[in-house]
Amino acid sequence: MDKFTERVIAGAKRLGASYCDCRLIDMEREDVSVVGGAPRAVVHAHQRGFGVRIIANGAWGFSSSSVVTDAEADHIVEEAVEIAHASALAKKKEVVLAPVSSSEDMIPHQADVDPFTIPDSEKIGLLAEATRAMMLPGVVLARGQMQFLKERKSFASSEGSYIVQDRVESGAGVSAMAASDNSGVQIRSYPMSSSGDNAQSGWEFVEAMKLLEHAEPTAREALALLSAKPCPSGVKDLVVGGQQLALQVHESCGHPCELDRVMGMEASFAGTSFLTPDKKGNFRYGSDIVNLTADPTILHALGGLAYDDEGVRGRKVYLVRGGMFEHYLNSRASAPVVGEEPMGAMRADGFARSPIVRMVSINLEPGDLTFDQLIGGVDDGLYVDGIKSWSIDDRRLNFQFGSEIGWEIRGGKLQDMVKNPTYTGVTYEFWRSCDGIGDPGLYHVWGVDNCGKGEPMQVAHVSHGTSPARFRHVQVGVLHE
Amino acid sequence: MSREQLHGLMHDALRASDADQTEIVTMTSNSALTWYAENIIHQNVAEHTAQVQVRAAHGKKVGSASTTDCSPEGLALIVRQASQAARLMPDDPDFPGLPSPKPIAAGLIGGWVGATAVSQPGERVLAVKKVIERAEHEGLRAAGTYQVQSSELAVVSSMGVAAYHQYTVAGLKAVVMGDDSSGYGRMSSADVADIDPEAVGEQAVRTAVETRHPAEVEPGAFEVVLSPFAVEELMGMLAYLALSARSVEQHTCFLEGHESEQIASPIVSLYDDGLDPAGMPIPFDFEGMPKRRVDFLTEGKGGNVVYDSYYAAKMGRATTGHSLQQPNDIGPYPLNIFMGAGDSSEGDMVSHVERGIYVTRFWYANPVEPRRAVVTGTTRDGTYLIENGRKTHGVRNLRFTQGLVDMLAHTVEISRNRAVLASSFGIGAMVLPSIRAEGFQFTGVTR
């Protein structure tokens, strides 16, 4: 244990805490944004601070600070203990943590080339060239962005754990927006919308994206969408591309499997979950071929981790196996309530926030169909991909998602492109209608760096492994007037 | 830290900069939050953070860096890093230079209440217990948060900008749930003494009780009465999609090309005013530029959007004082949206509806067609059927897919009372009434 975290733990014990953990985090971030060939924003950020979580008098207290000194450590420990005693004023039962073995470990990062050694000029240059290539006539806006993170996190607990984890993340993406007076606005992104694709990798991950090669074809699709026919409306068979399916997995499987949400802890913000404990082990979530895992051990996955922010070693569990709901994402406090073992899903956004149950890498295991076989099995349907719009109710049941692009399927063949494709449904009905999943050759783990949850809001970096998949009898093309 | 201490530190760092132009923005925050659910407190947290952001320019080359280290050494280091970063950057042809100082109405608008800044965790716990006990009395389960925050925002620049504002925020929120219904209550103010836990709890409990055993209604077009909470979700979406210069650049602004045209109902006025003490005022933006009132809709007629110095220069306008921390990819943003008050009450509005829906809250709104501000989401925490001028019973939550401009065009009644709703960004607030609108499109029903 280093001297700082040792001081925190000793101070907490001295003040009567029955449990204490401390996370000391040193983090660098770089965000690069380019619009139409010109740099829009380049931000280098450095954060250093610590957070202290305490159980005293059977209740939780947490405090954090960006001032890393011995005097501040003493002050923050005192405040966390004081808060725990205040919490105890409304206590109905004592906080109980599932036992876990203590660990001493040092986890290296997974990057080959440290992205912070690559000059800004090279990053800007690549994005500038890609966005200039996208500025075809009719394209009104071409954006590119990269984001990098380097973190050292030291975790110490009063149970004897001391774990140092290094982490490097890299991500990038480009998008083109096309507009015309008659056809509105259309957008296409590569490799994914929002901040693009992200991974626990170095600069080699960005280079492998080949942004420049994909820039112009991406812009051409945006332009083509302007004159594409509107998405048809009706109940049709639907093939969902891997990227869009990552969103589907995130919203309709990842979030409802968070045990704190299930137990009502998120009710005042993001809501609750339809996956109540009475359904564990006996609820048909999807068809027989649907297997969904929470797996923090996937190499390079953005949602991967060796240990969570309670010092629990991450391990793979099946959330859904053979279509049946099996396991939750959990914490040391919540797992025993439903008879589970902690599996490493307690994560905090930086030093200043207390950990909550989060996704790690949530994945739909691949099936055995080629892309042609997926499409070939549809007589009258739609193929959609590219995340554009998402909305789901506060129990994670009724969803409506929009994709950047779609194609009609007739007679087992892709036909005309359609714009503004949308589809809607009820989570378990949708997954029960899944009758085909793409093979491992179509599988990709998408890194998502904007998952919001908790109060105050915390943003988590998660990932989703998916192949395209086929769903029967889905309402597509939601009409609104 | 006092204004003098903070500005002293920042000016010392500014003097050490070797860049042509340098700007330092510091935001400090002491915040605490009590988080409760299932009638127990499950998290109780505090955080003490500072963030310093430096923007340095060598000609048209702009670099920036930020840190959480607010010491003299930390500031000196970050100024050097921003300057070094700028030297390595290519020219940004659109960079207009840092803005020159303008008079700021600081000190006149309030926003800081000492009692909020020194409130104790035990006080929050006792307030939360009142909400919990009210819910338990009805056999219901309460969840929510009680947050207090005291913050400083300071901006200095080599152009002579020197701005400082400190403010406080207190906010209590309750979601009260039964087996098949829920209700919502919320209150925010700069002054912790304004927070009334009994009132917040009562509002949430009453809604949860009244909407028990919800019926299912077929989706379709309905006349609606929207509470201020529901209006907030939609106006937040509108701000994101359509009320800034960036939305004009992205062609998602419904105001573009329609200045002075009748776009919305003549009873609808929508504006941003960072100086109005009826909200949570902030006298300047993150470039230290004074806030100006911007009218998006005046009696339904199209108006302007908000600008920062970057977009103002690019589009030949003046900044309206709506910059976020620079540089950013979000663009200028309205943090103090107001909808003009009407002359009605929620009770009056409901009494004027023959058959319609009352919506307490919307949830997870997201754009479907940005250019027409078509948005989808669901209702939440108290959706009622209105029949013959009365809220008769609860209904299952509904999905809506609705054009927001279209909704404002079909708004027929607005309440005189408006709620102050603190922003989740930790700065600013919306001040919004209840509204009655015709032809609101519900496109699905939840289970």
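As the structure is a prediction and not an experimental result, all values here were calculated from the model. Computed from heavy atoms alone, side chains included, the values below leave out hydrogens, waters and symmetry copies. First the proteins, then the strands, lettered A, B, ... as listed; each starts at 1.
At a 4.5 Å heavy-atom cutoff, A:Arg29 makes no contact with chain B through either its backbone or its side chain. Only the side chain of A:Ile76 comes within contact range of chain B, with at least one heavy atom under 4.5 Å from a heavy atom of that chain. Heavy atoms of A:Ser33 lying under 4.5 Å from chain B belong exclusively to its side chain. At a 4.5 Å heavy-atom cutoff, the contact between A:Val426 and chain B is made by side-chain atoms alone. B:Pro93 touches chain A through its side chain: at least one heavy atom from C-beta onward sits under 4.5 Å away, while N, CA, C and O do not. Heavy atoms of B:Phe400 lying under 4.5 Å from chain A are absent altogether. Neither the backbone nor the side chain of B:Gln326 has a heavy atom closer than 4.5 Å to any heavy atom of chain A. Both the backbone and the side chain of A:Leu89 have a heavy atom closer than 4.5 Å to some heavy atom of chain B. Neither the backbone nor the side chain of A:Thr69 comes within less than 4.5 Å of any heavy atom in chain B. Heavy-atom distances place the backbone of B:Leu88, and not its side chain, under 4.5 Å from chain A. Residue A:Glu122: no heavy atom, backbone or side chain, is found under 4.5 Å from chain B. Residue B:Asp69 does not touch chain A at all, counting heavy-atom pairs closer than 4.5 Å. Within the 4.5 angstrom heavy-atom criterion, atoms from both the backbone and the side chain of A:Asp394 approach chain B. At a 4.5 Å heavy-atom cutoff, the contact between A:Glu455 and chain B is made by backbone and side-chain atoms alike. At a 4.5 Å heavy-atom cutoff, B:Glu123 makes no contact with chain A through either its backbone or its side chain. When heavy atoms are compared at a cutoff of 4.5 Å, A:Met177 approaches chain B solely by way of its side chain, counted from C-beta outward. Contact annotation for B:Val54: neither backbone nor side-chain heavy atoms come within less than 4.5 Å of a heavy atom of chain A. Using a 4.5 Å cut-off between heavy atoms, A:Pro355 contacts chain B through its backbone alone, with no side-chain atom that close.
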Before giving the answer on side chain to side chain contact (heavy atoms under 4.5 Å, CB included), spell out for A:Lys453 and A:Ile356 the whole-Å C-alpha distance, their side-chain angles and the decisive distance to 0.1 Å.
CA-CA 9 Å; A:Lys453 185 184 171 187; A:Ile356 53 179; 4.1 Å; yes
List the steps, then state whether salt bridge (Lys or Arg N to Asp or Glu O under 4.0 Å) holds for B:Glu233 with B:Arg361.
CA-CA 8 Å; B:Glu233 180 79 12; B:Arg361 289 180 77 190; over 6 Å; no
Yes or no on salt bridge (Lys or Arg N to Asp or Glu O under 4.0 Å) for B:Lys130 and B:Glu133, after CA distance, side-chain angles and deciding distance?
CA-CA 5 Å; B:Lys130 290 179 181 172; B:Glu133 284 164 6; over 6 Å; no
Go through B:Arg186 and B:Val200 one step at a time and tell me if the side chain to side chain contact (heavy atoms under 4.5 Å, CB included) criterion holds.
CA-CA 6 Å; B:Arg186 183 173 149 206; B:Val200 170; 5.6 Å; no
Please determine whether ring pair (Phe, Tyr, Trp, His ring centres under 6.0 Å) holds for the pair B:Phe442 and B:Phe440, giving the CA-CA distance in whole Å, both sets of side-chain angles, and the decisive distance to 0.1 Å.
CA-CA 7 Å; B:Phe442 291 105; B:Phe440 195 92; 5.2 Å; yes
What verdict does the ring pair (Phe, Tyr, Trp, His ring centres under 6.0 Å) test give for A:Trp60 and B:His42, after you've listed the backbone C-alpha separation in whole Å, the side-chain angles of each residue and the deciding distance to 0.1 Å?
CA-CA 7 Å; A:Trp60 283 117; B:His42 64 96; over 10 Å; no
Step by step, work out the side chain to side chain contact (heavy atoms under 4.5 Å, CB included) result for A:Phe401 and A:Glu251.
CA-CA 10 Å; A:Phe401 296 142; A:Glu251 301 287 6; 3.8 Å; yes
So B:Val25 and B:Gln325, side chain to side chain contact (heavy atoms under 4.5 Å, CB included) or not? Walk me through it.
CA-CA 8 Å; B:Val25 180; B:Gln325 283 204 353; 4.1 Å; yes
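Across all non-hydrogen atoms, the minimal contact from A:Ser64 to B:Glu47 is OG-CB, 3.1 Å.
Atom CD of A:Glu129 has 12 or fewer heavy atoms from other residues, nucleotides or ligands within 6.0 Å. Within a 6.0 Å radius of NZ in A:Lys92, other residues, nucleotides and ligands contribute more than 12 heavy atoms. The local environment of CZ in A:Phe274 is crowded, with over 12 non-hydrogen atoms from other residues, nucleotides or ligands closer than 6.0 Å.
Ranking B:Glu249, B:Gln250, B:Glu38, B:Arg55 against chain A, the residue ahead of the rest is B:Gln250, based on heavy-atom pairs under 4.5 Å. Put simply, of B:Asp92, B:Ile132, B:Thr376, B:Thr67, the one with the most heavy-atom pairs under 4.5 Å next to chain A is B:Thr376. Chain A forms the most heavy-atom pairs under 4.5 Å with one residue out of B:Ser424, B:Gly63, B:Pro367, and that residue is B:Pro367. Per-residue counts of heavy-atom pairs under 4.5 Å with chain B were compared for A:Asp120, A:Ile392, A:Ile124; the largest is that of A:Ile392. Among A:Val140, A:Thr272, A:Val95, A:Asp31, the residue with the largest count of heavy-atom pairs under 4.5 Å with chain B is A:Val140. With respect to chain A, the highest number of heavy-atom pairs below 4.5 Å among B:Gln81, B:Lys129, B:His251, B:Arg380 belongs to B:Arg380. When A:Ser66, A:Gly51, A:Ala41, A:Ser63 are compared by the number of non-hydrogen pairs under 4.5 Å with chain B, A:Ser66 comes out ahead. Of the listed residues (B:Asn39, B:Thr379, B:Val375), the one with the most heavy-atom contacts under 4.5 Å to chain A is B:Asn39. Top candidate by heavy-atom pairs under 4.5 Å with chain A, chosen from B:Ser64, B:Pro121, B:Ala143, B:Ala174, is B:Ser64. Annotation: maximal heavy-atom pairing with chain B below 4.5 Å, among A:Ala38, A:Ala128, A:Ser87, A:Ala80, occurs at A:Ser87. When the candidates A:Gly271, A:Ala179, A:Pro39, A:Gly402 are compared by the number of heavy-atom contacts under 4.5 Å with chain B, A:Pro39 comes out ahead. Residue with the most contacts toward chain B among A:Ala59, A:Ala270, A:Ser121: A:Ala270 (heavy-atom pairs, distance under 4.5 Å).
B:Arg141 and B:Glu136 are not joined by a salt bridge, as no carboxylate oxygen comes within less than 4.0 angstrom of a charged side-chain nitrogen. Taking the charged nitrogens against the carboxylate oxygens, A:Arg143 and B:Asp329 do have a contact shorter than 4.0 Å, which makes a salt bridge.
When only modelled atom types and interatomic distance are considered, A:Gln186 and A:Asn420 share a side-chain donor-acceptor pair under 3.5 Å.
A ring pair (Phe, Tyr, Trp, His ring centres under 6.0 Å) with A:Phe399 holds for exactly one of A:Phe430, A:Trp390, A:Tyr428; it is A:Phe430. Of the candidates B:Phe362, B:Trp363, B:Phe229, B:Phe229 is the only one forming a ring pair (Phe, Tyr, Trp, His ring centres under 6.0 Å) with B:Tyr184.
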